[in-house]
Number of protein chains: 2
Amino acid sequence: MVVDELTDDEVNRIFRALADATRRDIVRRSLVFTLSVSELADAYDMSFAAVQKHVALLEEAGLVSKEQRGRERIVRADLERIRRAQRYLDHFEQIWRSRTDRLDALLAEDETTSH
Amino acid sequence: MVVDELTDDEVNRIFRALADATRRDIVRRSLVFTLSVSELADAYDMSFAAVQKHVALLEEAGLVSKEQRGRERIVRADLERIRRAQRYLDHFEQIWRSRTDRLDALLAEDETTSH
DNA sequence: ATAAAGTACAACCAAATGGTTGTAGATGAG
DNA sequence: CTCATCTACAACCATTTGGTTGTACTTTAT
């Protein structure tokens, strides 16, 4: 059984990490290519340290992991974490459905009680 | 035809807005109930103005809209916007798939060329 | 053995966040 | 009309964010 519960804090970090275009691009690139932090950094018009910080944020959110290979750190995106975020959003859909279901039940009840 | 394109800035705002537990709770509540800003504010241990700001952020993200009713503003969650965010995340899945598809194609090519 | 490459990390800064209080404008109730 | 309610908005403050530069450590290359 897979425990599919994310704490509020984890959800915060995931969405926070996704709320930046550079970080989303880093995720995309590392989904497709095998890239080190400095190779990633080359793609953006900002300092290495800035990109490093973005990767760190993604890592704290669990959207990315780093693997040492020689003197490089290879960044790997974790697609499963993205799927989790997606499934988390299902939650809202379910809440909405259960609300309308209850309304439906209420209406149905009205009908039965009214005749 | 529905143009389903979100700008980087819109995506930023949507995920930023979702990256806070209070705001996610506001979305949940306003999905289920018909609530004014002050009714929402009663649910949280913070000032009215603070909740007002959260609602404003959600509104800027398009996750919520306000409708005037007398002196109250009724907050309504927009489920469609949440679905959009979900579909946006599909994007990553597709990128990953197309990457492995390309790898598969490469491997298939290798097989045909190797015998 | 050096030098260069890749990374980590600290210190710093401007801007944005998440909260507060206070004031003022609409609107509904008595 | 007057008062209470609901909201808007500004000013303020502490913390976080997103960037910078600089220094130091590890690993590879010459």
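Order of the sequence lines fixes the chain letters, A, B, ..., with proteins taken first and strands second; residue numbering starts at 1 for each chain. The structure presented is a predicted model; accordingly, all values stated were derived computationally and were not measured.
By the salt bridge (Lys or Arg N to Asp or Glu O under 4.0 Å) test, A:R97 is found to be paired with A:E93, residues two or more places apart in sequence or in another chain being considered. Listed by chain and residue number, nothing satisfies the side chain to side chain donor-acceptor pair (under 3.5 Å) test with A:R73 (two or more places apart in sequence, or in another chain). Residues passing the side chain to side chain donor-acceptor pair (under 3.5 Å) test with B:R76, sequence neighbours excluded: none.
Within residues 54-75 of chain A, the residues having any heavy atom closer than 4.0 Å to DNA chain C are, in order of number, A:K66, A:R71, A:E72, A:R73. The stretch residues 17-50 of chain B comes close to DNA chain C through B:R23, B:M46, B:S47, B:A49, B:A50, each having a heavy atom under 4.0 Å from the strand.
Using a 30° and 60° split on the angle between ring planes, B:Y88 and B:F92 fall in the perpendicular class, above 60°.
Distance CD1/A:I95 to CD1/B:I82: 8.5 Å, rounded to 0.5 Å.
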What do the steps show when you test A:R84 against A:R87 for side-chain contact (heavy atoms from CB on, under 4.5 Å), and what is the final call?
-> CA-CA 5 Å; A:R84 282 263 199 121; A:R87 270 181 277 141; 4.0 Å; yes
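For C:dC9, neither phosphate oxygen OP1 nor OP2 lies less than 4.0 angstrom from any side-chain nitrogen or oxygen of A:Q52.
Criterion: ILVMFWY side-chain heavy atoms under 4.5 Å apart, direct or through other members. Under it, A:V27 and B:L6 are part of a common hydrophobic cluster.
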Identify all side-chain donor-acceptor contacts of residues 38-58 of chain B below 3.5 Å with residues at least two apart in sequence or on another chain.
unit_1, atom_1, unit_2, atom_2, d
B:S38, OG, B:S36, OG, 3.3
B:E39, OE1, B:S36, N, 2.8
B:E39, OE1, B:S36, OG, 3.3
B:Y44, OH, B:D25, OD2, 2.7
B:Y44, OH, B:I26, N, 3.4
B:Y44, OH, B:R29, NE, 3.3
B:S47, OG, B:A50, N, 3.1
B:H54, ND1, B:R23, NH1, 3.1

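Atom CG in B:N12 sits roughly 13 Å away from atom C1' in D:dG18 (whole-Å rounding).
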